Amino acid sequence: FLCSSCVSGIQMLSVQPDTKPKGCAGCNRKIKDRYLLKALDKYWHEDCLKCACCDCRLGEVGSTLYTKANLILCRRDYLRLFGVTGNCAACSKLIPAFEMVMRAKDNVYHLDCFACQLCNQRFCVGDKFFLKNNMILCQTDYEEGLMKEGYAPQVR
């Protein structure tokens, strides 16, 4: 979930030879390069507009940057520091927005939490899982639960 006031666009502009050089918001020197970046209503050398966390050049990683707590960040670091996707349906802890997740209907899970909630068996690609009473179950535990309730699954 991104705060719209935290997202700003980055424009790459050609420096016209007949215009007065602009000052860089990052290093305060005049921009004499062929191109400059415009972001946050300021002008920047391509090398000076960097993520405060990973130091990547923001003009190279996309056309947006993110600001919060006086930091200028790339999308990945903004989400890592400030974003959440919600709570894991198994452990109830927050899931950072950049993290890979598993989904079952409206439930979201950490990858490590996506396991049978009765026997803790982890699921592999292609394994069947069942969602019953908001719990993820392996096929064995699901079928045993049906037997206890008096409903035998149909086997063909």
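Just so it is clear, the model here is predicted, and its values are computed rather than measured. We count residues from 1, following the sequence as given.
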Student check: side-chain heavy atoms of K38 and I10 closer than 4.5 Å: no
N133 CG to Q117 CD distance, which is reported to the nearest 0.5 Å: 11.0 Å
Heavy-atom neighbours of N70 CG exceed 12 at 6.0 Å: no
Sub-4.5 Å side-chain heavy-atom contact between M135 and L118: yes
Close side-chain approach of N87 to I95, heavy-atom, < 4.5 Å: no
Smallest separation among heavy atoms of K93 and H110, with atom names: O-CE1, 3.8 Å
4.5 Å side-chain heavy-atom contact, R57 and L49: no
Pairwise distance SG(C88) to CG(D112) - rounded to 0.5 angstrom: 9.5 Å
Minimum heavy-atom distance T67-Y78, with the two atoms named: O-CE1, 4.3 Å
Separation of T64 OG1 from L73 CG (nearest 0.5 Å): 11.5 Å
Side-chain touch L37/L58, heavy atoms, less than 4.5 angstrom: no
Euclidean distance, M12 CE relative to R34 CZ, rounded to 0.5 Å: 11.0 Å
ILVMFWY cluster, F114 and V101 together (side-chain gap under 4.5 Å): no
Euclidean distance, K50 NZ relative to H45 NE2, rounded to 0.5 Å: 12.0 Å
Plane angle bin for F129 and F123 - parallel if under 30°, tilted between 30 and 60°, otherwise perpendicular: tilted
Approximate separation, where rounding is to 0.5 Å, of C24 SG and K32 NZ: 13.0 Å
Short side-chain to backbone donor-acceptor contact, D77 and C74, under 3.5 Å: no
Non-hydrogen atoms of P21 and I31 that approach each other most closely: CB-O, 3.8 Å
Test item: L13 and Y43 side chains (from C-beta on) under 4.5 Å apart, heavy atoms: yes
Student check: side-chain heavy atoms of Q121 and C138 closer than 4.5 Å: yes
W44 side chain vs A39 backbone, donor-acceptor pair below 3.5 Å: yes
In one Ile/Leu/Val/Met/Phe/Trp/Tyr side-chain cluster, 4.5 Å: L40, V7: no
Shortest non-hydrogen separation from K132 to Y142 and the atoms involved: CD-CE1, 3.8 Å
V61 reachable from L65 in the ILVMFWY side-chain graph, under 4.5 Å edges: yes
Side-chain heavy atoms of N107 within contact of N134, under 4.5 Å: yes
Closest non-hydrogen atom pair between A89 and Y109, with its separation: CB-CE2, 3.5 Å
Nearest non-hydrogen partners of C113 and I136, listed with the distance: O-CD1, 4.3 Å
